[in-house]
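Encoded as structure tokens, the structure appears first; notes follow it.
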Amino acid sequence: MLNIVIYGAPGSGKGTQSDRLIDEYGLHHISTGEVLRDHIARGTEIGKIADFYISKGRLIPDDLMIRILEDVLDHESKAAEKGVIFDGFPRTIDQAKALKDMLARRGTRVHAVVGLEVDEDELMRRMLERGRLTGRADDNEKTIRERLKVYHTQTSPLRDYYIAEGKYHGIDGNGAIDDIFEKIRTSLDKLNH
Ligand code: AMP
């Protein structure tokens with residue numbers, strides 16, 4: 001079993017590299033952003049709350065987000081047997097602690113955190129391009145700026161948290177998708193899990 005957290009600023013390529021990791025390692029992908037966008041599309045109660053925060057570029061409150069993730073893990077436990085790529089979760093230290101507890105209760109743990117490190121102007125460029133190509137609502141300049149601010153204040157402390165746990169694998173996430181994936185693969189292949 002291999003549980004990986006793919007971590008990085010918005011626009012750092014978490015979703016793109018997750019797709020590669022799924023193919024390579026046969027892992028199950030859980031993207032909290034996608035889970036929330038699905039709720040919004042279906043018009044659920046959670047979707048209404050999520051829309052309020054996402055449209056402002058802010059994080060869904062921890063207690064709710066943690067409950068949503070636990071629910072996904074319960075429902076997708078069969079698919080998750082070989083391991084999971086957690087994409088977009090955790091985004092706060094409290095979420096990281098909750099993830100640790102959740103996995104411990106299931107007899108497992110986070111094996112590695114892949115941290116995609118990308119320059120700020122490149123993040124902005126990628127998200128604006130994604131907004132143009134996909135119409136994703138929060139990929140507009142005003143919301144992107146807020147998401148980057150939130151990343152710096154609430155999410156970036158996770159880097160030190162996972163370094164202290166000995167789990168952090170920093171990857172230069174600038175450049176070509178294939179080259180970045182090669183660096184991730186080299187880094188993960190050294191793991192003894
Ligand atoms: P993403 O697709 O990962 O960029 O997430 C899009 C938006 O969903 C974020 O800007 C947040 O508003 C919300 N979101 C996704 N994951 C989380 C999380 N782990 N905690 C709080 N909010 C989240």
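When a ligand or atom number is given, it counts from 1 through the structure's own listing order.
Among protein heavy atoms, atom 11 (C) of ligand 1 sits closest to R58 O, 3.6 Å. Nearest protein heavy-atom contact of atom 15 (C) of ligand 1 is R91 NH1, 3.2 Å. Protein heavy atom in closest approach to atom 22 (N) of ligand 1: I60 N, 3.1 Å. In terms of protein heavy-atom proximity, atom 6 (C) of ligand 1 is closest to R136 NH2, 3.5 Å. The protein non-hydrogen atom at the shortest distance from atom 14 (N) of ligand 1 is L36 CD1, 3.5 Å.
Ring pair Y151/Y7 is tilted by interplanar angle, where 30° to 60° counts as tilted.
Ligand 1 places these atoms under 4.0 Å from at least one heavy atom of I54: 7 (C), 8 (O), 12 (O), 13 (C).
Annotation: side-chain contact (heavy atoms from CB on, under 4.5 Å) contacts of R125 (sequence neighbours excluded): E122, E129.
Heavy atoms of Q95 found under 4.0 angstrom from ligand 1 belong exclusively to the side chain. Within the 4.0 Å heavy-atom criterion, the part of R37 lying near ligand 1 is the side chain and not the backbone.
A donor-acceptor pair shorter than 3.5 Å cannot be found between the side chains of H39 and E34. Under 3.5 Å, the side chains of D62 and T92 contain a donor-acceptor pair of N or O atoms.
The two atoms that bring S187 and I171 nearest to each other are CB-CD1, 4.1 Å, heavy atoms only.
In this structure, R105 does not pair ionically with D101, as no charged nitrogen and carboxylate oxygen lie closer than 4.0 Å.
Checking only distances, G88 does come within under 3.5 Å of ligand 1, N or O to N or O.
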